[in-house]
A.B. asks: 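For reference, the structure I am asking about is given below.
Here is the naming used below: chain letters follow the sequence lines, and residue numbers restart at 1 for every chain. Because only heavy atoms are used, hydrogens play no part in the values below, and waters and symmetry mates are left out as well, while side chains stay in.
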There are 2 protein chains.
Amino acid sequence: MSTSVPTREAPARGRRSTRASGDERERAILTTAEKLLEERPLSEISVEDLAKGAGISRPSFYFYFPSKDAVLLTLVDRMVEEAAVGREEALAGLADDPRSAWRQGLQSYFEAFGSRRGVIRAAAELRPTNAEARGLWTQVMETWIADASVIIEAERARGAAAPGRPARELAIALVQMNERALFATFSGEEPALSEETVLDVLVDVWVRAIYGAAAD
Amino acid sequence: MSTSVPTREAPARGRRSTRASGDERERAILTTAEKLLEERPLSEISVEDLAKGAGISRPSFYFYFPSKDAVLLTLVDRMVEEAAVGREEALAGLADDPRSAWRQGLQSYFEAFGSRRGVIRAAAELRPTNAEARGLWTQVMETWIADASVIIEAERARGAAAPGRPARELAIALVQMNERALFATFSGEEPALSEETVLDVLVDVWVRAIYGAAAD
DNA sequence: CAATGTATCAACACACTGTCGAGTCCGTCA
DNA sequence: TGACGGACTCGACAGTGTGTTGATACATTG
């Protein structure tokens, strides 16, 4: 580890340059955003609100972040990283018990996203209008899909899973289902599955879609 | 089943009152919106653009619609109504051939939404910020889910479908999958299923999830 | 031919975003 | 020590968008 600043792998969307004291200010903006997002949607939060919450003026805000969106992307980055941690481990014990292995894979996302409702809600709100947000989300989906495809193929090869449409196609549909269902549940949409049942239902569909043979 | 179509009284979101000549103007606004939405997202279309496209001034626009959102909701209303038409018929020949019956049910949505990409994209963009849009979409989902639940239960009762989690839960997850997958495909997101395969893949998951027993 | 309702728009009042430039504060080093 | 420069701050401005108001046409139609 180098002695210099704790190498923040954070993308260049944070502060303009520098690395002096105002570090806390940057933090303050982030935590303010997180707090406000629990209360109301992104569209009802202005740069002024963020600045005020961090105890600075609006122009000063722009010293730390180039826009409101950038703040959010930083938050999302963080969350995604957390979610990715659990992903690896889950994919071990497949041969033993597919159902609970798949369940585990889902669970890490469930937990990471579930603990930051404001942020995912905002992310969903941002995606349509912000290309960077779209790209970031695409990446997440893509790794998820890639993982699932590989496993589906492996399960088919060893004869555990039923043959059928290309693994990737199946994976895309299932991952999209997860995304939508979890978003709906966490943002309190109607209709949505309850927090207690989402995981079970989703895993059920996954397992049936992957292992069950197509009827007729 | 009851087929209670969401009573279609023209929503009060059109013109302030009246119903005189300026009818064409209202139309012009609607078609302008539809046209512009094929080119660029809702967030990049201003009331000014809409007004200009319809050959009137911005204030005049407000004589016809209370806001930009209202224009869109009208468009969505229309589209949803079209989509609902095919729904009824599809649900007949289930006993004969479940797969193609389910496929047919999906197809009407596929076609209705696929022919108005701009509008669905805008609808997705609007949903997070506009309560009315959310409510409208909720209704659509709800009828879809209700239908699916009833059928799943019927199929289980007659022994065709496998038992499992409550039909409604299954229906919610599957309908959400459809929604997300179709949106992704039609708005050219990445990753997404191709237009040629979406329907097949979705139907495949539906059939396996409903008729296939849970493996493990 | 008034009177009533339809339709139109210039001008205004706001809200928000992003930028510019003039500052302050503080550590460094000549 | 004192001036130089970089970190940081904010008042004031410019731009773009929304929604409203009030004055004004232009019909009908009673």
Side-chain angles (χ1 to χ4, degrees), chain A residues 4-5 8 10 12-30 32-33 36-37 39-74 122 125-126 128-133, chain B residues 12-30 32-33 36-37 39-74 122 125-126 128-133:
Chain A
S4 60
V5 198
R8 155 91 63 289
R13 77 172 62 91
R15 199 148 4 138
R16 269 179 203 157
S17 54
T18 81
R19 88 203 47 184
S21 84
D23 233 18
E24 315 153 22
R25 290 287 154 86
E26 191 172 331
R27 280 265 190 83
I29 293 174
L30 256 5
T32 299
L36 292 184
L37 283 173
E39 297 168 10
R40 52 184 197 270
L42 179 63
S43 59
E44 284 168 30
I45 297 173
S46 67
V47 171
E48 175 100 48
D49 295 333
L50 259 23
K52 197 163 284 179
I56 56 178
S57 74
R58 204 168 55 78
S60 289
F61 167 92
Y62 288 100
F63 178 81
Y64 295 99
F65 293 93
S67 69
K68 190 172 74 174
D69 287 7
V71 175
L72 228 127
L73 286 168
T74 304
E125 196 178 337
L126 196 59
T129 57
N130 183 302
E132 203 173 348
Chain B
R13 77 172 63 89
R15 198 150 2 141
R16 269 179 203 159
S17 54
T18 79
R19 91 201 46 193
S21 85
D23 235 14
E24 314 154 22
R25 290 287 154 88
E26 191 170 331
R27 278 266 189 84
I29 293 174
L30 256 3
T32 299
L36 292 183
L37 282 174
E39 297 168 10
R40 52 185 197 270
L42 179 63
S43 59
E44 285 167 29
I45 296 174
S46 68
V47 172
E48 176 99 48
D49 296 333
L50 259 23
K52 196 164 285 179
I56 55 178
S57 73
R58 204 169 55 79
S60 288
F61 166 93
Y62 288 100
F63 178 81
Y64 295 98
F65 291 94
S67 70
K68 191 172 72 175
D69 288 7
V71 175
L72 229 127
L73 286 168
T74 304
E125 195 178 337
L126 196 59
T129 57
N130 182 303
E132 202 173 348

A.B. asks: Glu24(B) has an atom CD; how far is it from atom P of dT8(C), in whole Å?
C.D. replies: 10 Å

A.B. asks: Let me know which of Arg58(A), Lys68(A), Arg40(A) forms a side-chain hydrogen bond (donor to acceptor under 3.5 Å, both in side chains) with Asp49(A).
C.D. replies: Arg40(A)

A.B. asks: Please pick, from dT8(C), dC10(D), dT17(C), the nucleotide with the shortest atom-to-atom distance to any side-chain atom of Ser57(A).
C.D. replies: dC10(D)

A.B. asks: Between P on dT17(C) and NZ on Lys52(A), what's the gap in Å once rounded to a whole number?
C.D. replies: 12 Å

A.B. asks: Are OP1 or OP2 of dT9(D) and a side-chain N or O of Tyr64(A) less than 4.0 angstrom apart?
C.D. replies: yes

A.B. asks: Between atom CG in Asp49(A) and atom P in dC16(C), what is the gap in whole Å?
C.D. replies: 8 Å

A.B. asks: Would you mind reading off the distance between Phe63(A) atom CZ and dA22(C) atom C1', rounded to a whole angstrom?
C.D. replies: 16 Å

A.B. asks: Can you tell which of dG19(D), dG11(D), dG18(C) lies closest to the side chain of Pro59(A)?
C.D. replies: dG11(D)

A.B. asks: Using OP1 and OP2 only, check whether a side-chain N or O of Ser60(B) sits under 4.0 Å from dC9(C).
C.D. replies: yes

A.B. asks: I need the Phe63(B) CZ to Glu26(B) CD distance, nearest 0.5 Å.
C.D. replies: 9.5 Å

A.B. asks: Where is the tightest heavy-atom contact between Ala33(B) and Leu50(B), given as atom of each residue plus distance?
C.D. replies: CA-CD1, 3.9 Å

A.B. asks: Under the criterion side-chain contact (heavy atoms from CB on, under 4.5 Å), I'd like the reasoning laid out for Val71(B) against Val47(B): C-alpha separation, chi angles, the key distance, then a yes or no.
C.D. replies: CA-CA 10 Å; Val71(B) 175; Val47(B) 172; over 6 Å; no

A.B. asks: Once you round it to whole Å, what is the distance between C1' of dG17(D) and NZ of Lys68(B)?
C.D. replies: 9 Å

A.B. asks: Please give, in whole Å, the distance from dA7(D) P to Arg25(A) CZ?
C.D. replies: 16 Å

A.B. asks: Within the structure, does a side-chain N or O atom of Arg58(B) lie under 4.0 Å from either OP1 or OP2 of dA11(C)?
C.D. replies: no

A.B. asks: Is Ser46(A) touching bases, backbone alone, or none of the nucleic acid, heavy atoms closer than 4.0 Å?
C.D. replies: sugar-phosphate

A.B. asks: For Arg25(A) and Ile56(A), run side-chain contact (heavy atoms from CB on, under 4.5 Å): C-alpha distance rounded to whole Å, both residues' side-chain angles, the deciding distance at 0.1 Å, then the answer.
C.D. replies: CA-CA 8 Å; Arg25(A) 290 287 154 86; Ile56(A) 56 178; 3.6 Å; yes

A.B. asks: What is the distance from CZ of Phe65(B) to P of dT8(C), rounded to the nearest Å?
C.D. replies: 13 Å

A.B. asks: Take the protein atom CZ of Phe61(B) and the nucleotide atom P of dG19(D), then report the distance between them rounded to whole Å.
C.D. replies: 8 Å

